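Order of the sequence lines fixes the chain letters, A, B, ..., with proteins taken first and strands second; residue numbering starts at 1 for each chain. The analysis underlying the following values was restricted to heavy atoms, covering all of them including side chains, and did not include hydrogens, waters or symmetry mates. The shown structure was predicted, so the numbers you read here are calculated from the model rather than taken from an experiment.
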Amino acid sequence: MTGKKAHKIAAELEKLFPVAKTELNFQNIFQLLVAVVLSAQSTDRQVNKVTEKLFLFVKEPRDLLDMGEEELSRQIRSLGLYRNKARNLIKIAEILDREYHGQVPDSFAELLKLPGVGPKTAEVIVGVGFNKPSFPVDTHVFRVARRLGLSKARTPEGVSFDLKKIFPPNSWIDLHHRLIFFGRRICKAQKPSCNICPFPEFCQKEESDV
DNA sequence: CTCCCGATAT
DNA sequence: ATATCAGGAG
């Protein structure tokens with residue numbers, strides 16, 4: 001029961017971005033969790049630059065505890081918000097080590113309890129890490145979904161709810177990645193490339209960018 | 001709502 | 001100089 005508009009958006013995005021996967025580098029789900037926490041208000045490229053070195057030593061929660069908050073804080077300083085991120089990641093490592101046998105939980109509710117893990121990060125772990133239906137809404141998805149008139153919700157959670165109603169669950173995570181690519185390369189926050197946009201007829205930019 | 005915060009683009 | 005970047009907590 002996918003609508004005509006939704007179908008066109010999904011089809012065009014698939015043509016534009018055939019490969020729908022995260023650009024964050026990681027070797028296991030714990031590293032994915034670390035990378036996503038680090039990615040707040042930073043770019044994937046900056047995060048990968050940091051984790052290239054960090055993940056040589058950090059493969060599981062214990063490794064982060066061995067490293068300590070101060071050294072972690074130094075290694076991630078270039079990302080910004082580094083004090084909060086370091087403190088939260090150490091707490092996460094303690095909780096996972098003590099209460100989850102060092103494993104990352106696969107449920108949205110359990111993930112949400114972790115410090116520094118909100119709705120967007122929890123959805124990414126569930127969807128990308130555990131391959132379960134989820135529709136994370138970050139700054140790009142939020143902006144693009146509203147500009148395309150797919151949602152008028154005022155919060156990322158509201159936009160996620162609307163997108164889940166519009167698209168079938170088996171398409172959510174790929175669409176999530178493609179909407180991010182579309183937001184980064186074409187429907188940018190500043191100076192969007194409207195000349196190459198496949199969806200001019202759907203654009204709600206003036207109405208949505210309040 | 002403000003704060004956290006460095007790197008990059010405009 | 002200002003806006004933005006795979007947000008979340010108080």
Rounded distance (Å) that lies between atom C1' of C:dC5 and atom CG of A:N48: 14 Å
Length of the line joining A:R83:CZ and B:dC5:C1', which is rounded to integer Å: 8 Å
Pairwise P distance, B:dC5 and C:dA1 [rounded to whole Å]: 24 Å
Parallel, tilted or perpendicular: ring planes of A:F135 versus A:W172, cut at 30 and 60 degrees: tilted
Separation of A:Q41 CD from A:K85 NZ (nearest 0.5 Å): 8.0 Å
Whole angstrom value for the distance that separates P of C:dA6 from CH2 of A:W172: 24 Å
Separation of atom CD in A:Q41 from atom P in B:dT2, rounded to whole Å: 15 Å
Pair A:E12 + A:R178: basic N to acidic O under 4.0 Å: no
Between C:dT2 (P) and A:K191 (NZ): distance, integer Å: 20 Å
Between P of C:dA6 and NZ of A:K85, the distance in whole Å: 11 Å
Neighbour count >12 (heavy atoms, 6.0 Å) for atom CZ, A:R74: yes
Distance, rounded to the nearest Å, where A:L175 contributes CG and C:dA6 contributes P: 18 Å
Interatomic distance, A:Q46 CD vs C:dT4 P [rounded to whole Å]: 18 Å
Nearest-nucleotide comparison on DNA chain C, the residue closer to the 5′ end among A:L114 and A:D44: A:D44
Under 4.0 angstrom between A:R143 side-chain N/O and C:dC5 OP1 or OP2: yes
Integer angstrom distance from the P of B:dC3 to that of C:dA6: 24 Å
